[in-house]
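To start, the structure under review is shown below, and the notes come after it.
Positions are given from 1 along the sequence. First listed ligand is number 1; within each ligand, the first listed atom is number 1.
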Amino acid sequence: MSSLFPALTGSRTDRPALRFGDRSLTYGELGTASGALAARIGGAGRVAVWATPALETAVAVVAALEAGVAAVPLNPKSGEKELGHILADSAPSVVLAAPGDELPPPLAELARIDVDVRATGPAAAGRASEDDPALVVYTSGTTGPPKGAVIPRRAISSTLDALADAWQWTGEDVLVHGLPLFHVHGLVLGILGPLRRGGSVRHLGRFSTEGVARELNDGATMLFGVPTMYHRIAQTLPEDPELAKVLGRARLLVSGSAALPVHDHERIAAATGRRVIERYGMTETLMNTSVRADGEARAGTVGVPLPGVEVRLVEDDGAPITSYDGETVGEIQVRGPNLFTEYLNRPDATAAAFTSDGWFRTGDMAVRDPDGYVRIVGRKATDLIKSGGYKIGTGEIENALLEHPGVREAAVTGEPDADLGERIVAWVVPADPQSPPGVEELADHVARRLAPHKRPRVVHHISALPRNDMGKIMKRALSRD
Ligand code: MCA
Ligand code: AMP
């Protein structure tokens, strides 16, 4: 089994690998701690990782990958219902967590290993093929609970190596990020990416413009963020010349997980002299396209296909679109070594996600410019919301709302939000119109059951949901009101 992280055992193990606040590990230290943990979890089936933004999460995931065991990162803010579903579905044999972290009831019955980032002891590398699962990452769909995307080892190595080519990403780079570690963006790109290159990562614990400025001023060369983070940077720039100066000096500013509005692109470029570049990916596909470091950073596009990734646009009937005219809209389909293998325990959903000849249907709609640049113009499913860079299915929130005693009927839509991209709006028919549940009550209810980022930000009380003759809720009629 080839290691995903050659730098763990290379000749320069004194180099810094990870830093979270004032805690850090060199490659040598990371190799020792993750090797010792790998020896303990070898053959464990799947392991859950309590993915707080901390050193322990990175050590736990690296150890799992070294052991050849699949890791299931858990959002530490997941509510009971979401956590219960993920644990039942992925059936991990053990949970890896930082010493002292309190784990909620659904995890209480699971064996626990405290991750010791200073552990020593004999290391053990497991056996796994390139097609074996590396991660199971839960991602929302339009209906029902989140599905576990099984991501093989080859997808991780191929996506990170393709990005190294596109971004001229090397071991000299120092990445700063403040993304959560239970999704692909923050974990695969933000942690495993620098480690595969032999570079280093400084995690902010939580995103702040001050943290970004501090790290870029102290040797960091790259920044990864979701559009909400770049929006907050754009808002701060007019009063913060220091932030503008350090962003201007950065080697690469990368945005992804949702579209970065052109207005924010332009405000950042005007204040810093640098353009943010965008890349486009999905939990199921890892990265598909990117503006290249040596290419033109054109606002509003996600660049060109990454090396090894086939990208096509298709009509509604599945016919490929051959024109590169910047106008003809089609669904993006992708094929390549970067793809997931399956949705865990969901052969039906897996089959539906692929065409008969192996292309993955992304559900994203796009056009292609004459020079091959892809512009995403929308999404097939109106029942998926991207808020703060998180993908959220409306069905899941509707189901949670219906479990509240004050809710008789519920529908959820997304509406534009300058900061979050989209915000979640709940349309509720109260059980008792005299005392309808308020926004705080329903937000807390959803946050407790699912996760805080899935909570509605706006609640409208209505007397009935608009339905068509078939009884289906007409969401477009709701959003227009
Ligand atoms: C607020 N909070 C609550 C409640 N209200 N907690 C419980 N119950 C409530 N009712 C808490 C929140 O948990 C949060 O805590 C804090 O109050 C502020 O909440 P909020 O305003 O929602 O968050 P924010 O600080 O504004 O978050 C903006 C953000 C965040 C930092 C940009 O949305 C974020 O981290 N987004 C990243 C999403 C991401 O990584 N997506 C990648 C998936 P606390 O602050 O302590 O958490 S997409 C992907 O992976 C693909 C492959 C791709 O292409 O990248
Ligand atoms: P997720 O499943 O949470 O990984 O989210 C994947 C989705 O995020 C994609 O299907 C796109 O809709 C969206 N996305 C990711 N990157 C970009 C980007 N740069 N521009 C527009 N949408 C993006």
With heavy atoms and a 4.0 Å threshold, my read on which part of H453 contacts ligand 1 is neither
Atom 51 (C) of ligand 1: of E440, R423, E441, M282, the nearest heavy atom sits on M282
Determine whether any heavy atom of V302 lies closer than 4.0 Å to an atom of ligand 2. yes
- Query: Would you say E278 has any N or O atom under 3.5 Å from an N or O of ligand 2, going by distance alone?
  - Reply: yes
What I want to know is whether Y280 and ligand 2 share at least one N or O pair that is separated by under 3.5 angstrom.
no
Numbered in order shown, the ligand 1 atoms found under 4.0 Å of a heavy atom of T283 are 52 (C)
To atom 48 (S) of ligand 1, the nearest of M287, K386, K454, R457 on a heavy-atom basis is K386
Notebook entry, point to check: Would R279 count as a contact of ligand 2 if the rule is a heavy atom under 4.0 Å away?
Noted result: yes
To the nearest 0.5 Å, atom CG of L181 lies from atom CG of L74 at 12.5 Å
Quiz prompt | Close approach of Y390 to ligand 1, heavy atoms, under 4.0 angstrom | solution = yes
At under 4.0 Å between heavy atoms, what of R279 touches ligand 1? The answer is side chain
So is P180 touching ligand 1 or not, going by heavy atoms under 4.0 Å? yes
Quiz item: Does S387 reach ligand 1 with a nitrogen or oxygen that is under 3.5 Å from one of the ligand's nitrogen or oxygen atoms?
Solution: no
Note: P452, heavy atoms under 4.0 Å from ligand 1, region reported as side chain
Ligand 2 contacted by R379 (non-hydrogen, < 4.0 Å)
no
Note: V184, heavy atoms under 4.0 Å from ligand 1, region reported as both
Heavy-atom contact under 4.0 Å between R206 and ligand 1? yes
Using non-hydrogen atoms of the residue, decide whether H231 is closer than 4.0 angstrom to ligand 1.
-> no
What do you reckon, does R448 put a non-hydrogen atom under 4.0 Å from ligand 1?
no
Filtering G281, G389, G388 for the heavy atom nearest atom 33 (O) of ligand 1 leaves G388
### Message
Does any N or O of ligand 1 fall below 3.5 Å from an N or O anywhere on R455, backbone included?
### Response
yes
